[in-house]
There are 2 protein chains.
Amino acid sequence: MGTTQLESVPEPKYWHLKNVIGEALDSDFSVGEILPNERDLAARFGVARATLRQALEQLELEGRLQRRRGVGTTVAPPRVGVDVSTAGQAWPGSAQDTWQSYDCAKAVPPAPVARMLGTGIEDETYALRRLRVSHGHPVAAELLYVPATSVPDLSAIDAPSGPSRARAVLRELQRLDLDGQDRSVELGSARADDAKELDRLPGAPVLVVTTRYFSQGRTAAVTVATYRADTCRLTFGDTGDVEISHHAEERRAS
Amino acid sequence: MGTTQLESVPEPKYWHLKNVIGEALDSDFSVGEILPNERDLAARFGVARATLRQALEQLELEGRLQRRRGVGTTVAPPRVGVDVSTAGQAWPGSAQDTWQSYDCAKAVPPAPVARMLGTGIEDETYALRRLRVSHGHPVAAELLYVPATSVPDLSAIDAPSGPSRARAVLRELQRLDLDGQDRSVELGSARADDAKELDRLPGAPVLVVTTRYFSQGRTAAVTVATYRADTCRLTFGDTGDVEISHHAEERRAS
DNA sequence: CAGTGGTCTAGACCACACC
DNA sequence: GTGTGGTCTAGACCACTGA
């Protein structure tokens, strides 16, 4: 304010608000600090609460704010970088990966997944549920789809269901040769079950990472991982063999 | 509707609406078809327009709808996959990359970028503006930051500004040895200038791809590319050396 | 319990595209 | 012009958290 003259094409109020609050966040608040409640803020800026909320929504989308019903609005910490690179990668569940699996059932995959797997609707498929935790918080929920034909040696009633069968499926997968993989990232909104795992409301914005695992010229498995878009930054460490020196990397701006 | 009984924990109306409309989109509409206007739709479902809009916003976020002011709401085509892999990668601007650069100026990079470059606020930096076009539509706008120290041989007034200087900067970059790179993806909202390039409103959801280019043990350049989140799916073709057969890939679900 | 953010309403006006 | 989606208002009630 003060710098802008009267605009011939005025920007929306919520947009202006977002910028004003965003700047205030940089200068007057520190991480974790709680903001005044929405009704007070709206009154202070002389706008309706709906308008104020539109600005806060934007800031939350950008990962700068965190809002919790019944609690309040707080300044969010910087997004955590989670590694999703495929360098030297193997099957899911190998070595010490950052996922913990906790359930497995037979299910029919959604149409887009079935298309990637090249399966018909009546083909048996295992659906394995996993959770990725970082710094004590869940950051992603994943569904791993494995057609029964990919793990033929898995004895039918090896384990009735649940975690033990999950382990069995992963074990069988390891025995296949992994020819390569294929990854894509897109924006989505959390389904009710994923939202619950991630401690968010249904419809919350998420980054959907879809991975295809190839073996013997076919798609042997597909994972669909949904990452919290508000708190996560997906990183791909595609650095060659170079060792990067630790220059300014750790400096603070202010 | 009709299938659900009375809910003890009722889901929000807009969430239910979103699902209902989403299903209708699958069954009763085809790509490009225009929906009834918001006022009619709201009346038809017996909700306020704001509630109906909340449902449409979700669907637009998921890339299922496209809304244009003054025109209407249409069924969106499937997201286009844009390759952002770094396999066999080189400097930006090399060979036939999919970007077209059209401007270059000197500027001070935003704080996070300056931190990655390890530059102070008074160090000269070139800011190069580029646009990525796919299937005739702009899908991403990019800012490439190059500290003047990275291209020392660029004669100061080689070209005053604009596209010719952009080409000169890129040309100089090619001469450096590229040791590796580093990429991250996060959710953001479009700044006013990016939004304009991408034919969207300010604040529209975008996928921000940040790339660091390493040379001689330091960060020689940084790009910040903003992709339209509604129409784009970022793909990483990390497939090893395997050739994937074209099984079911092209089928339609019906 | 009181206080928070989340949902919803019924209106109004504006900016834009197209005729 | 007319019709569209985009913004904004001033209220109301609900669902949740924590004292």
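Below, chain A is the first sequence line, B the second, and so on; all start at residue 1.
One atom, CG of A:Leu41, and another, C1' of C:dT4, lie 12 Å apart when rounded to the nearest Å. Between the CG atom of B:Asp230 and the P atom of D:dG5 there is a distance of 17 Å, rounded to whole Å. Taking atom CG of residue B:Leu56 and atom C1' of nucleotide D:dG6, one finds them 13 Å apart after rounding to whole Å. Between the CZ atom of A:Arg39 and the P atom of D:dA12 there is a distance of 12 Å, given to the nearest Å. Separating the CZ atom of B:Arg53 from the P atom of C:dG11 is a distance of 18 Å, rounded to the nearest angstrom. One interatomic measurement links the two molecules: CG of B:Leu201 to P of C:dA17, which rounds to 10 Å at whole-angstrom precision. Per the geometry, NZ belonging to B:Lys196 stands 16 Å off P belonging to C:dA15, to the nearest Å.
Not counting sequence neighbours, the partners of A:Leu65 by the side-chain contact (heavy atoms from CB on, under 4.5 Å) test are A:Leu25, A:Leu35, A:Leu56, A:Leu59, A:Thr73. When the side-chain hydrogen bond (donor to acceptor under 3.5 Å, both in side chains) test is applied to A:Ser184, no partner is found at least two apart in sequence or on another chain. For B:Gln66, the side-chain contact (heavy atoms from CB on, under 4.5 Å) test picks out B:Thr74, B:Ala76, B:Pro77, with sequence neighbours left out. A:Arg39 meets the side-chain contact (heavy atoms from CB on, under 4.5 Å) test with A:Asn37, A:Arg49; sequence neighbours excluded. A:Asp103 pairs by the side-chain hydrogen bond (donor to acceptor under 3.5 Å, both in side chains) definition with nothing, not counting sequence neighbours. Checked against salt bridge (charged side-chain N to carboxylate O under 4.0 Å, His left out), A:Arg191 has the following partners two or more places apart in sequence or in another chain: A:Asp193, A:Asp194. Residues satisfying the side-chain hydrogen bond (donor to acceptor under 3.5 Å, both in side chains) criterion with B:Glu62, sequence neighbours excluded, are A:Ser189, B:Lys18. A:Pro112 is linked by a side-chain contact (heavy atoms from CB on, under 4.5 Å) to A:Pro110, A:Arg115, counting only residues two or more places apart in sequence or in another chain.
At a non-hydrogen distance threshold of 4.0 Å, A:Asn37, A:Glu38 from residues 30-38 of chain A come into contact with DNA chain C. Within a heavy-atom distance below 4.0 Å of DNA chain C, the residues of residues 58-75 of chain B found are B:Arg69, B:Gly70, B:Val71.
Shortest non-hydrogen contact noted between A:Pro202 and B:Trp15 is C-CZ3, 3.7 Å.
Legend: salt bridge (Lys or Arg N to Asp or Glu O under 4.0 Å) pairs involving residues 25-34 of chain A, not counting sequence neighbours, sorted by first then second residue: A:Asp26-A:Arg64.
In this structure, the ring of A:Phe236 has its center less than 6.0 angstrom from the ring center of B:Phe236.
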At a cut-off of 3.5 Å, list every protein nitrogen or oxygen paired with a nitrogen or oxygen from nucleotides 8-10 of chain C, distance to 0.1 Å.
from	atom 1	to	atom 2	distance (Å)
C:dC8	OP1	B:Lys13	N	2.2
C:dC8	OP2	B:Tyr14	N	3.3
C:dT9	OP1	B:Lys13	NZ	3.0
C:dT9	OP2	B:Ala48	N	2.9
C:dT9	OP2	B:Thr51	OG1	2.4

